[in-house]
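When reading the values below, keep in mind they use all heavy atoms of this one structure, side chains included, and skip hydrogens, waters and symmetry mates.
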Amino acid sequence: AQSVTQPDIHITVSEGASLELRCNYSYGATPYLFWYVQSPGQGLQLLLKYFSGDTLVQGIKGFEAEFKRSQSSFNLRKPSVHWSDAAEYFCAVAQGATGGSYIPTFGRGTSLIVHP
Amino acid sequence: GAVVSQHPSRVICKSGTSVKIECRSLDFQATTMFWYRQFPKQSLMLMATSNEGSKATYEQGVEKDKFLINHASLTLSTLTVTSAHPEDSSFYICSARSGTSGNTYEQYFGPGTRLTVT
């Protein structure tokens, strides 16, 4: 079965500093990988996704993530964090299946705190 | 594009009553809709998957008779929490997927519904 591990419950960074949120997955074949952001009391917004091709994926809001098969990781990065980036971040993994009937599994989330 | 709405955003109900939550895809046809439950500071737990015109597929441990899901059209799914109890209080999020072609199968999430059972 597929699983996702986000080892950091909280991450605190200063505004303007760089950010890396970790995500490790467990799945035998090439997974479909996602990062979502959730602001308080809101639904999830897709930041970026990886299905195939270039392992460095660019997303919205200046985020990027790199798929590393050898490490089973899909870490999210941003070179300079803004105060508005403070939110909950979820990594998700899904397996492709015939007909595309996949269902993603979410990690427990990482709460990003941004200090001025 | 790809907007999903939920109604209501917040609801408070008394124990023993039922409450219905609507999930709508506003600008696309959702062949599949998902219902999630999220506890504070925790991840999303998939409750059920529904395809338009079919019965919902519930995840293990989710009571079918308590959480009634109807996906009557390609733009509307409803979740009814029957005989609600305080432990049903949670944040319920729906998502929708068109799944029409290719490898995208991207899910679009609604803003969530905060249910409080008193």
Same apolar cluster: A:V93 and A:L76, side chain cutoff 4.5 Å: yes

Least distance between heavy atoms, A:Q42 atom then B:F91 atom: O-CE2, 3.6 Å

Under 4.5 Å from any heavy atom of chain A - which part of B:T32: neither

Exceeds 12 heavy-atom contacts within 6.0 angstrom, atom CZ of A:R77: yes

Connected via hydrophobic side-chain network under 4.5 Å: A:L47 and A:Y25: yes

Heavy-atom neighbours of A:H82 NE2 exceed 12 at 6.0 Å: yes

Heavy-atom proximity to chain B below 4.5 Å, by part of A:Q38: side chain

Considering all heavy atoms, the nearest B:Q38-A:F90 contact: NE2-CZ, 3.4 Å

Minimum heavy-atom distance B:F109-A:L44, with the two atoms named: CB-O, 3.4 Å

Top of A:R108, A:Q6, A:Q45 for chain B proximity - count of heavy-atom pairs under 4.5 angstrom: A:R108

Over all atoms of both residues, closest heavy-atom pair of B:Q107 and A:P104: NE2-CD, 2.8 Å

Donor-acceptor contact below 3.5 Å, side chain B:S43 vs main chain A:G107: yes

NZ/B:K64: more than 12 non-hydrogen atoms of other groups inside 6.0 Å: no

